[in-house]
Amino acid sequence: MDQYFYKIIEHIGEDPKREGLVKTPARAAKAFEFLMQGYKKDLKEIVNGAIFTSDADEMVIVKDIEMYSMCEHHLLPFFGKAHVGYIPKGKIIGLSKIARIVDMYARRLQVQENLTKEIATSIMDVTGALGVGVVIEAQHLCMMMRGVEKQNSLMKTSCVLGSFRSNEGTRKEFLSMVCPSSR
């Protein structure tokens with residue numbers, strides 16, 4: 001992949017042989033592979049059997065999960081926080097697995113709307129939960145560095161499934177816990 005970054009550097013009018021850029025194509029290729037590692041991850045391997053029998057039946061929330069992704073339209077980063085909640089139905093998932101699921105989908109070329117839904121659907125599928133809610137709040141460099149250049153914009157997306165969708169009280173409880181200002 002190094003040769004592609006070499007060509008990009010050349011194409012923008014820089015000299016890829018310049019001292020400061022000699023190793024940049026290799027470093028950029030390595031960084032890009034790291035940023036896109038979600039394509040090499042598998043949901044089943046991430047969960048790795050960390051689904052446990054439990055009689056817990058109240059909402060479980062993991063809030064403020066840092067996430068970094070790449071806009072599929074501009075190849076620029078977007079970053080922020082994911083908030084994930086679910087209501088168990090006889091099974092709970094290991095806490096770290098929720099953050100790992102967020103990372104798996106975030107570390108791909110994405111749009112925030114799809115990322116939110118992919119996380120929610122996966123949590124629902126692996127836990128068999130009564131309901132799942134996901135809210136993502138993110139800043140997009142494609143909005144900040146180019147185009148409209150709005151530095152303080154924040155995009156919020158949500159996906160609610162099962163009882164989070166069908167029960168207004170459940171949805172409100174979740175949203176008030178993860179986004180207190182939205183009450």
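Count residues from 1 along the sequence. Keep in mind that this is a model prediction, so the values were computed, not measured.
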Discussion item. Please say yes or no: joined through hydrophobic side-chain contacts below 4.5 Å, possibly via intermediate residues, are Ile61 and Leu130 part of one cluster?
Written reply: yes
Practice prompt. Answer yes if Ile136 and Leu161 sit in the same cluster of Ile, Leu, Val, Met, Phe, Trp and Tyr residues linked by side chain heavy atoms under 4.5 Å apart, and no otherwise.
Written response: yes
Discussion item. Once rounded to the nearest 0.5 Å, what's the spacing between atom CD of Glu66 and atom CG of Asp103?
Written reply: 9.0 Å
Worksheet item: Between Tyr39 and Tyr4, is there a shared hydrophobic cluster once you connect ILVMFWY residues whose side-chain heavy atoms come closer than 4.5 Å?
Response: yes
Worksheet item: Applying the 4.5 Å side-chain criterion to the ILVMFWY set and letting contacts propagate, would Leu95 and Met59 be lumped into a single cluster?
Response: no
Practice prompt. State whether a side-chain donor-acceptor pair under 3.5 Å links Gln110 with Ser69.
Written response: no
Practice prompt. Count the heavy atoms belonging to other residues, nucleotides or ligands that lie under 6.0 Å from CE of Met36, then report whether that count exceeds 12.
Written response: yes
Practice prompt. Mark yes or no for whether Arg100, through its side chain, and Ile46, through its backbone, hold a donor-acceptor pair below 3.5 Å.
Written response: no
Worksheet item: Short question: side chain of Asp15, backbone of Lys17 - any donor-acceptor pair under 3.5 Å?
Response: yes
Worksheet item: Below 4.5 Å, heavy atoms only, C-beta onward: do Leu43 and Met104 meet side chain to side chain?
Response: yes
Worksheet, complete the sentence: Nearest heavy-atom approach of Pro16 to Glu10 is CG-CB, 4.1 Å
Discussion item. Take a 6.0 Å sphere around NZ of Lys7 and say whether it holds more than 12 heavy atoms from other residues, nucleotides or ligands.
Written reply: no
Discussion item. Do the side chains of Lys156 and Glu137 get close enough for a salt bridge, i.e. N-O under 4.0 angstrom?
Written reply: yes
Response to the item:
For Leu115 and Val102, the nearest pair of non-hydrogen atoms, with its separation, is CD1-O, 4.5 Å
Item to complete: Step by step, work out the salt bridge (charged side-chain N to carboxylate O under 4.0 Å, His left out) result for Lys172 and Glu168.
Response: CA-CA 6 Å; Lys172 281 183 177 179; Glu168 184 179 349; 3.1 Å; yes
Worksheet entry | Carboxylate-amine/guanidinium contact Glu45 Lys41, below 4.0 Å | no
Practice prompt. May I ask you to check whether Thr53 and Lys91 show a side-chain donor-acceptor distance below 3.5 Å?
Written response: yes
Item to complete: Examine distances only and state if a side-chain atom of Gln151 and a backbone atom of Met144 form a donor-acceptor pair shorter than 3.5 Å.
Response: yes
Worksheet entry | Euclidean distance, Ser122 OG relative to Ile101 CD1, rounded to 0.5 Å | 6.0 Å
Discussion item. If hydrophobic clusters are built by linking Ile, Leu, Val, Met, Phe, Trp and Tyr wherever their side-chain heavy atoms come under 4.5 Å apart, do Ile87 and Val132 end up in the same one?
Written reply: no
Worksheet item: What distance separates His73 NE2 from Leu76 CG, expressed to the nearest 0.5 Å?
Response: 12.0 Å
Worksheet item: Under 3.5 Å, side chain of Arg18 to main-chain N/O of Glu14, donor-acceptor pair present?
Response: no
Worksheet entry | Gln3 atom CD, neighbour heavy-atom count above 12 within 6.0 Å | yes
Item to complete: Walk me through it: do Leu75 and Leu109 pass the test side-chain contact (heavy atoms from CB on, under 4.5 Å)?
Response: CA-CA 8 Å; Leu75 296 183; Leu109 295 177; 3.3 Å; yes
Worksheet item: Does the pair Tyr86 and Ile92 meet the rule for a side-chain contact (heavy atoms from CB on, under 4.5 Å), with working shown?
Response: CA-CA 9 Å; Tyr86 73 102; Ile92 57 171; 3.4 Å; yes
Response to the item:
Tested for side-chain contact (heavy atoms from CB on, under 4.5 Å) against Thr24, the lone hit among Ile9, Asp2, Ile8 is Ile9
Worksheet item: Does any N or O in the side chain of Thr121 come within less than 3.5 Å of the main-chain N or O of Glu118, such that one atom is a donor and the other an acceptor?
Response: no
Fill in: Interatomic distance, Ser158 atom OG to Leu175 atom CG [nearest 0.5 angstrom]
6.5 Å
Discussion item. Is it the case that over 12 heavy atoms from other parts of the model lie below 6.0 angstrom from the CZ atom of Arg171?
Written reply: yes
Worksheet entry | Non-hydrogen atoms of Pro88 and Glu58 that approach each other most closely | CD-O, 3.2 Å
Worksheet item: In Å, rounded to the nearest 0.5 Å, how long is the span from CD of Gln139 to CE of Met143?
Response: 10.0 Å
Worksheet entry | Backbone of Gln37 reached by a side-chain donor or acceptor of Arg107 within 3.5 Å | no
Discussion item. Counting only heavy atoms not in Glu19 (residues, nucleotides, ligands), do more than 12 fall under 6.0 Å from its CD?
Written reply: no
Practice prompt. Name the orientation class of the two ring planes belonging to His140 and Phe78 (parallel below 30°, tilted from 30 to 60°, perpendicular beyond 60°).
Written response: parallel
Fill in: Lys97 versus Val47, closest heavy-atom pair with distance
CE-O, 3.5 Å
Discussion item. Rounded at 0.5 Å granularity, tell me how far OG1 in Thr116 sits from NE2 in His83.
Written reply: 10.5 Å
Worksheet item: Going through the checks in order, is the side-chain contact (heavy atoms from CB on, under 4.5 Å) test met by Met67 and Lys81?
Response: CA-CA 6 Å; Met67 64 106 224; Lys81 294 178 180 180; over 6 Å; no
Response to the item:
Heavy-atom closest pair (Thr157 atom, Met155 atom, distance to 0.1 Å) is CG2-CE, 3.7 Å
Item to complete: Would you name the heavy atoms of Cys179 and Val135 that are closest together and state the gap between them?
Response: SG-CG1, 3.8 Å
